[in-house]
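When a residue number appears, it is its place in the shown sequence, counting from 1. When a ligand or atom number is given, it counts from 1 through the structure's own listing order.
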Amino acid sequence: MKFENSLEFAKGLDQADPLKVFRTQFHIPQVKGKPCLYFTGNSLGLEPKSTRKWVNEELDDWASLAVEGHFHSRRPWLYYHKFTKQGLAKLVGARPSEVVAMNHLTVNLHLMLTSFYRPTKERFKIITEAGAFSSDQYALESQIKLHGLDPSDTLIELMPRKGEHTLRTADILGAIERNSDQLSLVIFGAVQYYTGQFFDMKAITRAGHRAGAIVGFDLAHAAGNVPLSLHTHGVDFAVWCSYKYLNSGPGGVAGAFIHERHGNNPGLIRLAGWWGHQEKARFQMKKGFMPMPGADGWQLSNFPVLSGSALLAALEIFNDAGMAALRKKSQVLTGYLEFLLRSISSHEEYFSILTPPSPSERGCQLSILMLKKGKKVFARLTEEGVIADWREPDVIRVAPVPLYNTFVDVFKFYSIFKKALL
Ligand SMILES: *Cc1c(COP(=O)(O)O)cnc(C)c1O
């Protein structure tokens, strides 16, 4: 699309946007009495207006039914995780039996590593991206130590080439191949939280498998942001949170994917709890864990119904909008932001964009590396009602989310940013 640098042009794009109605389905926070310019859907998605209804229904059923609600509420609590399956499966490109909503992201990561990181004397190394989200780093380190190994000769953290900000796919594949004799696990953030790089999941999965390793992904910044095909790509496992692009609210219930070739193997080692036990026999409370088939067999505890109801509200919106349409708008919306930023004269003096320029290698986030005046610009943005994200030491992350951000939002952001720079 040929973009133009004007408010009128941005307004025109909004008018023609087939998804424009979805913005009206969200609460937009106010700053100084005006709707803010919200660009942090990658940290905490906005609250859908429908969420209150879904949560209130559970509160009402709890009030009127108490324990009987497990069987007799409108969405019986005993089976609640099942109501999320269809929506989650669609979002991550999986079969419903391969996904489950449970716990929180880091907990799920530990559960998956317990099952899928089984180092031997010969195969024990892990390849991941350098600078992964802290929680993922801590999870990997502690899992390595749990097996009595030393992270320093177990964990291979891939860095971009000198002078580059993101990893080249060929370099990732090369490292996997070079380490194929000792490689146990390949694990990446599907969309890197800091740079916004969307890795080539298909190529990484294929290379990992060719090397004889297990391949997993953290979808924290990918679920609800980019199209995913976990089943078709043959990914072994994945985990995600639901409070970022999925808009399920702070601390919302997370998710996990286990490919069916593993999910239906009851012999696979796992940390077990009663909710993963055969549903029919669960209340017999007998000795001897027998996992349910599929991802359900990794559940530990009974389902968090209140946060799960907020997830259902959010999944309904994704179902209505459709990931294909969202992706289409997202690429234009983020492309427009990039176009405007690059139109600022001598912008190379002030900032560079870390996120890959190719729309297929990113989601909706741009990470702007500030070369000058970073803190000042960020303070100015905040003052003008922009909610964006500052990452030490010098990066501003901006995420125009196609469900609720507009082209006018993007244009206003650019105008404020430009004024603050010059
Ligand atoms: C947001 C995020 C987390 C947060 O973990 P929680 O367990 O949900 O607190 C972890 N990893 C990545 C990559 C993230 O983006």
Side-chain angles (χ1 to χ4, degrees), residues 39-46 84 88 91-92 99-114 116-117 126-143 155 157-158 166-167 172 185-199 201 204 215-226 228 230 235 237-257 271 298-301 303-304 306-308 310-311 314 354-355 362-367 387-392 395-399 401:
F39 287 107
T40 38
N42 55 349
S43 283
L44 184 74
L46 293 180
T84 67
L88 288 176
L91 277 178
V92 300
V99 297
V100 63
M102 58 181 186
N103 311 315
H104 288 90
L105 188 159
T106 309
V107 175
N108 290 344
L109 183 55
H110 275 296
L111 293 181
M112 294 302 110
L113 290 171
T114 304
F116 294 106
Y117 178 53
I126 301 177
I127 287 187
T128 188
E129 86 259 24
F133 195 96
S134 59
S135 203
D136 300 52
Q137 295 183 36
Y138 306 152
L140 286 176
E141 266 184 40
S142 55
Q143 286 277 339
L155 195 57
E157 296 174 302
L158 303 184
T166 52
L167 282 163
I172 299 173
L185 174 70
V186 176
I187 181 161
F188 276 79
V191 172
Q192 221 283 339
Y193 88 100
Y194 190 77
T195 64
Q197 178 176 19
F198 179 20
F199 292 112
M201 297 172 73
I204 291 173
V215 181
F217 288 95
D218 183 331
L219 310 178
H221 283 261
N225 179 18
V226 292
L228 296 163
L230 298 179
V235 171
F237 71 87
V239 292
W240 59 89
C241 55
S242 65
Y243 48 82
K244 292 174 180 169
Y245 293 107
L246 294 187
N247 313 312
S248 83
V253 59
F257 162 89
L271 295 179
W298 270 263
Q299 294 174 102
L300 296 176
S301 300
F303 190 80
L306 293 180
S307 68
L311 175 61
L354 302 183
T355 311
R362 67 187 185 200
C364 69
Q365 168 184 324
L366 291 184
S367 303
I387 302 185
D389 176 74
W390 175 260
R391 288 283 126 174
E392 291 295 340
V395 168
I396 298 174
R397 296 187 309 167
V398 190
V401 171

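Contact annotation: for Asp136 versus ligand 1, heavy atoms closer than 4.0 Å belong to the side chain alone. Heavy atoms of Thr106 found under 4.0 angstrom from ligand 1 belong to the backbone as well as the side chain.
Nearest-residue assignment for atom 10 (C) of ligand 1 (options Phe188, Tyr194, Phe133; heavy-atom criterion): Phe133.
No side-chain donor-acceptor contact under 3.5 Å links Gln365 to the backbone of Thr355. In this structure, the side chain of His104 engages the main chain of Gly251 through a donor-acceptor pair within 3.5 Å. Using a distance-only test at 3.5 Å, with no hydrogens or angles considered, no donor-acceptor pair links the side chain of Glu129 to the main chain of Phe188. Panel note: side chain Gln197, backbone Leu167; a donor-acceptor pair is recorded below 3.5 Å.
Nearest protein heavy-atom contact of atom 4 (C) of ligand 1 is Tyr243 OH, 3.2 Å. In this structure, the protein non-hydrogen atom closest to atom 14 (C) of ligand 1 is Lys244 NZ, 2.8 Å.
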- Query: Would Ile396 and Trp390 count as a side-chain contact (heavy atoms from CB on, under 4.5 Å) if you check the C-alpha gap in whole Å, the side-chain angles of each, and the deciding distance to 0.1 Å?
  - Reply: CA-CA 5 Å; Ile396 298 174; Trp390 175 260; 3.6 Å; yes
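Side-chain contact, Thr195 with Thr166: no donor N or O sits under 3.5 Å from an acceptor N or O.
Against a heavy-atom cut-off of under 4.0 Å, Asp218 is close to the following atoms of ligand 1: 11 (N), 12 (C), 13 (C). Atoms of ligand 1 lying under 4.0 Å from at least one heavy atom of His221, given by number and element, are 15 (O).
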